Amino acid sequence: MYTIRVDSEPFDPNHEVDLLRGEDPAIGAVVSFVGLMRDLNEGERVERMFLEHYPGMTENALEQIVKQAFERWQLQACRVVHRVGELKPTEPIVLVAVASAHRKEAFQGCEYIIDYLKTQAPFWKKETTENGERWVDARDSDDQAIRQWSADGS
Amino acid sequence: MYTIRVDSEPFDPNHEVDLLRGEDPAIGAVVSFVGLMRDLNEGERVERMFLEHYPGMTENALEQIVKQAFERWQLQACRVVHRVGELKPTEPIVLVAVASAHRKEAFQGCEYIIDYLKTQAPFWKKETTENGERWVDARDSDDQAIRQWSADGS
Amino acid sequence: MIQLRLFARFREELGVDSEQLASDELCCVEDLLNLLRQRGGAWSRLLAEDQRIMMAVNQEMANPQTPLHSGDEIALFPPVTGG
Amino acid sequence: MIQLRLFARFREELGVDSEQLASDELCCVEDLLNLLRQRGGAWSRLLAEDQRIMMAVNQEMANPQTPLHSGDEIALFPPVTGG
């Protein structure tokens, strides 16, 4: 039981978590990750951000990632929402919320999904700073993060 | 920067996460864990629950756990709220919300705090089922969970 | 004197919330446990060696070897189940 | 024919959103990359061997060895930066 949404309008992570909880009254534990747009990146003030994506493939990629998490851990429900288009500082970029009967599985499922989303889902960030526009570079630490999921058997 | 609260009234986890975000506009990632009261436990329908605690020691224990998390990882902010007294099914029991510049640290800090809370903070659950009252037993899996934090150096 | 406090199932089954005890002969928490076990009944059953017992001295988690001093607050309780 | 799609920095710097290409000589994505590199300029710079390039065939992540067939949609893009 999962919901995936790519949204060009601002969304409320709290509302999404409420919807997740509402899906199943037996839910006992929810782990959620919220990524927010900061107004400062690499020392420069960021005025706004544009999030480009690959319509169709993005949804497919997110669905594959979520399905893999459901195969690997016993999850009750999951909700992934990712913003696209024009964003202002402090707006939510992404929510990953996972419910499970066991908190360890909820933590692992949630972290797995955001780790793979960061390296496998076709989104690209472009920032507008006081010095103009720039594409955000991918980070090596994100590639390292997914390696743990093939290395450890947990 | 952290807030710890033991609350005899129902609380809203969403509101707590908003307060956490509001503490620092530089926050880029929030990981949160919410534990909810279920209406079914070990096959029996649970009508209500009483959460007993050790006033004074509880707050001290939570503060020590949170401080240890701040020493171990680079965290920006943390908020822990734990309910006590009489609870009804679907009400939140506990919230642990952690903000960090790096999502891996936010995940680890949040999981560390809830793992230690489960085994080191003096709370006790008593359920009222159709067959009467019963104290909830501690689970071996919770003891195992904290062992990982001394075994792995991460 | 020391103050003994009991919580949760211990408090209920022993019918005692807290009590004052002479501390002269008690060097550590283990001595207190042995003293209480001698009371028999629910005391010896709940505090038996094979039972999982948690203990705190002055509101900090402790163990049987933790030393005791006059004025200390000692709490005994079953494993915690919060969260 | 295959359809080539470009995203983000690639799309901007090459000034191309999508284009149709004859697929007769293209067995796999590597063949397409080599063909595009021969165009020189920004093409050879952005798609150089030492550049990090991600690729998808029919909206699934692919690699240089992924085979190509007529009607396929191939996308080339820089490493993703969502989340």
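Values below: every heavy atom of this structure, side chains too, minus hydrogens, waters and symmetry copies. We name chains A, B, ... by the order of the sequence lines, and we start the count at 1 in each one. Just so we're clear, the structure is a prediction, and the values are computed from it rather than from any experiment.
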**Q** Which answer fits B/K118, side chain, backbone, both or neither, if we ask what part of it has an atom under 4.5 Å from a heavy atom of chain C?
**A** both
**Q** Looking at B/K67 and B/E63, is there a salt bridge between them, counting it only when a charged N and a carboxylate O are closer than 4.0 Å?
**A** yes
**Q** Between B/W124 and B/E52, do the side chains contain an N or O donor and an N or O acceptor separated by less than 3.5 Å?
**A** no
**Q** So, B/E44 and B/N131: side-chain donor and acceptor under 3.5 Å apart, yes or no?
**A** yes
**Q** For the interface with chain C, which of B/F123, B/Y54, B/F33 has the highest count of heavy-atom pairs at distances below 4.5 Å?
**A** B/Y54
**Q** So which of C/M54, C/E12, C/E73 has the biggest tally of heavy-atom pairs under 4.5 Å with chain B?
**A** C/E12
**Q** Does a donor on one side chain and an acceptor on the other come within less than 3.5 Å for B/Q64 and B/Y116?
**A** no
**Q** Pick one of side chain, backbone, both or neither for C/E60, based on which atoms fall under 4.5 Å of a heavy atom in chain B.
**A** both
**Q** Less than 4.5 Å to any heavy atom of chain C: does that hold for the side chain of B/A121, its backbone, both, or neither?
**A** backbone
**Q** Output yes when B/K88 and B/E47 qualify as a salt bridge under the 4.0 Å nitrogen-oxygen rule, no when they do not.
**A** no
**Q** Examine whether an atom of B/D142 lies under 4.5 Å from a heavy atom of chain C, and if so say whether it belongs to the side chain, the backbone or both; otherwise answer neither.
**A** neither
